[in-house]
Amino acid sequence: MPPAAPVRSDYHVHLERGPWTLEWLGRFVETSRARGLTEIGFSEHPHRFRECRAMYPPRDAVGGWVDAQCTESLEDYVRLIEQARRAGLPVKLGVEADFLPGYEAALERVVRAYPWDFVIGSVHWLPPQRRGEPWWGFDDLSRIEAWERRDVLDAYRRYFRLIEEAAQTRLFDFIGHPDVIKVAGYRPDADLADLYDRAAAAFAAAGTCAEINTAGWRKPAREAYPARPLLEACWRAGVPTLVNSDAHSPEDVGRDFDRAARIARDVGYTEVATFSGRARAMVPLG
Ligand SMILES: [Zn+2]
Ligand SMILES: [Zn+2]
């Protein structure tokens, strides 16, 4: 038997800036093919879907933001991916599920209720520290000035504690953009090695992977997620990886994958994870 064609995938792609049509989805597939990828996994945010509203805090605690976003039906998304499959497109059904402490039960319901190929665990929100304070969506770059009022090292510590907790739920196939707390370009003047080692150990204990996400190069952080020392900690702990783009528009699918793969190889990785029906298979790093 001839060897199977190599699998090269991008499992972190958002359709959110366009309609639920095969035409829009097809533009993402076109870029993935042009960049030599063999499959593409879509990973919409649950905050878009009415069925997922209970995964987030009530209106007052998130400034109404989730209510404004939460206007669509998850059924339309699932139906579009099934339609694309029937049309012969190499697509996978995924979700980038937020981890918010206290909302695990609703998260678990959504994880169990749909035929996902993969579930990404991401932290985009830090909980209030005082009663009455809202949650902080720290990756909202339209409100980057919020960082000026924050203790940066404390924000990093709280974030890293949450990705450990996210891994411990064992609800996720991989952790999304593992150090996205740096997205706005604010970095603490401190050695983060302990935070990195603890996060990597938590991922390993939970049997979850950590993605390399190239979107960081397109953000004020000017660096892929995770930073190389965190990727090295993951490698030492035996945490598998995969390379993803976090594209929100067709032209970003598969972007900077060669650069990311070089870093992964340099650190020691020779394989990346692929997923089908939430089962993981390792394939050679392309
Ligand atoms: Zn994200
Ligand atoms: Zn994303």
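When reading the values below, keep in mind they use all heavy atoms of this one structure, side chains included, and skip hydrogens, waters and symmetry mates. Whatever order the structure lists ligands and atoms in, that order sets their numbers, starting from 1.
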- With under 30° as parallel and over 60° as perpendicular, where do the rings of F172 and F99 fit, or are they tilted in between? perpendicular
- Which protein atoms of type N, O or S are found under 2.8 Å from the Zn ion (ligand 2)? H12 NE2, H14 NE2, E96 OE1, D246 OD1
- Test ring pair (Phe, Tyr, Trp, His ring centres under 6.0 Å) applied to W217 - qualifying residues, sequence neighbours left out: none
- Aromatic ring centroids of F160 and Y196 under 6.0 Å? yes
- Query: Among pairs that include at least one residue of residues 143-157, which meet side chain to side chain donor-acceptor pair (under 3.5 Å), considering only residues two or more places apart or in two chains?
  - Reply: Q129-D154, E148-Y186
- Which residue pairs pass the side chain to side chain donor-acceptor pair (under 3.5 Å) test when at least one of the two sits in residues 101-110, sequence neighbours left out? E108-R112
- Message: Tell me if the aromatic rings of H177 and H124 count as close, with their centers under 6.0 Å from one another.
- Response: yes
